[in-house]
Amino acid sequence: MNRSIKVNQQIRNLLLAGTLLLLLTACGSLEAGSESDRTGIATPANNPEPLVVPTVVENNPTAAPAASPDPERFSAYIGMIHPPLPESLTLGFAMLIQDVEDHSLTFVSDGADKMLWLSKLDHYDPDGSAYWEVKDVLDLSNMEAGLVLLPDGCLVDGALDSEILVAGKDGTVRLAWRANTTLDRFEVLPTKGIECHSDKAMDL
């Protein structure tokens, strides 16, 4: 009688151990199959992360803002001879492009609209005053707060380039353009390798 009870108890123990082993195996399988159960974060397959596109270019050789102005907004200025400026515009600065005698940069604003003109020498009057034709307009409206425009004094990989201008913040070049005096237009540039030292900084 005692032997029969002992055998039955051993069978029960074996069955209990087998059941426990099956439960542990099943739990391990569920844990491996669901990353979100352990971390609380859904896996990319179930919930992909959104693609975040930065709005600020910082030493990025491929990303850059558009250079071409809104044709409807700025077409009236292309081909305009100045001075004088239209009464609605306020002059920020005007300067010759270094090492280029027949091209200039002019920063003007019309309320919230801020523009940089690339102009080419058109003629001199009898008194020797220069008149310029606007060739291209760079839209500088709606820029990030705190940006500063540096229109000269820029180097690329240590070499001075008088056609380059940048917008920077906190000592970092964020946006860069070339005032191409051969093609008479502004071109977007990568910011990598550019540094500027200018005394003509203009808050944007």
How long is the gap from CG on Leu140 to CG on Leu147, to the nearest 0.5 Å? 9.5 Å
Measure the shortest side-chain to side-chain distance between Val156 and Ile164 over non-hydrogen atoms and say whether it is less than 4.5 angstrom. yes
Can you pull the disulfide bond (SG atoms under 2.5 Å apart) pairs that have at least one residue in residues 140-204, sequence neighbours excluded? Cys154-Cys196
What's in the same ILVMFWY side-chain cluster as Leu183, cut-off under 4.5 Å, chained through other members? none
Backbone of Lys114 reached by a side-chain donor or acceptor of Ser109 within 3.5 Å: no
Distance (rounded to the nearest 0.5 Å) between Leu189 CG and Glu187 CD: 7.0 Å
For residues 120-135, which side-chain donor-acceptor pairs fall under 3.5 Å, sequence neighbours excluded?
| from | atom 1 | to | atom 2 | distance (Å) |
| --- | --- | --- | --- | --- |
| Asp125 | OD1 | Asp127 | N | 2.9 |
| Asp125 | OD1 | Gly128 | N | 3.0 |
| Asp125 | OD1 | Ser129 | N | 2.8 |
| Asp125 | OD2 | Tyr131 | OH | 3.4 |
| Glu133 | OE1 | Lys135 | NZ | 3.4 |

Where is the tightest heavy-atom contact between Asp184 and Leu118, given as atom of each residue plus distance? C-CD2, 3.7 Å
Cluster overlap Leu149 with Met95, hydrophobic side-chain contacts below 4.5 Å: yes
With respect to Trp117, which candidate in Phe74, Phe107, Tyr77 satisfies the ring-ring contact (aromatic ring centres under 6.0 Å, His included) definition? Tyr77
Filter on disulfide bond (SG atoms under 2.5 Å apart), then keep only pairs touching residues 77-110, sequence neighbours left out; what's left? none
Is the shortest side-chain heavy-atom distance between Leu116 and Phe186 below 4.5 Å? yes
Where Thr106 and Ala94 come nearest, the two heavy atoms and their spacing: OG1-CB, 4.1 Å
How would you list all residue pairs meeting salt bridge (Lys or Arg N to Asp or Glu O under 4.0 Å) that involve residues 95-110, not counting sequence neighbours? none
Whether the Ser119 and His103 side chains hold a donor-acceptor pair (N or O, under 3.5 Å, no angle test) is what I'd like checked. no
Just checking, is any N or O donor in the side chain of Asp170 or Thr172 under 3.5 Å from an acceptor N or O on the other one? no
Salt bridge (Lys or Arg N to Asp or Glu O under 4.0 Å) pairs touching residues 146-169, sequence neighbours excluded, are Glu144-Lys169, Asp152-Lys200, Asp161-Arg178, Glu163-Arg178
Given side chains that start at C-beta, do those of Val108 and Phe93 come closer than 4.5 Å, heavy atoms only? no
Smallest heavy-atom separation, Met143 atom then Leu175 atom, equals CE-CD1, 3.1 Å
Smallest separation among heavy atoms of Ala176 and Ile194, with atom names: CB-CD1, 3.7 Å
Between Gly153 and Leu155, the two heavy atoms sitting closest are O-CD1, 3.8 Å
Hydrophobic cluster membership, with links at side-chain heavy-atom distances under 4.5 Å among I/L/V/M/F/W/Y: are Leu96 and Leu105 in one? no
Start with the C-alpha distance between Ile78 and Val137, add both sets of side-chain angles, then the distance that settles side-chain contact (heavy atoms from CB on, under 4.5 Å), and finish with yes or no. CA-CA 7 Å; Ile78 303 295; Val137 178; 3.7 Å; yes
Report yes if the side chains of Val148 and Leu204 come closer than 4.5 Å at any heavy-atom pair, otherwise no. no
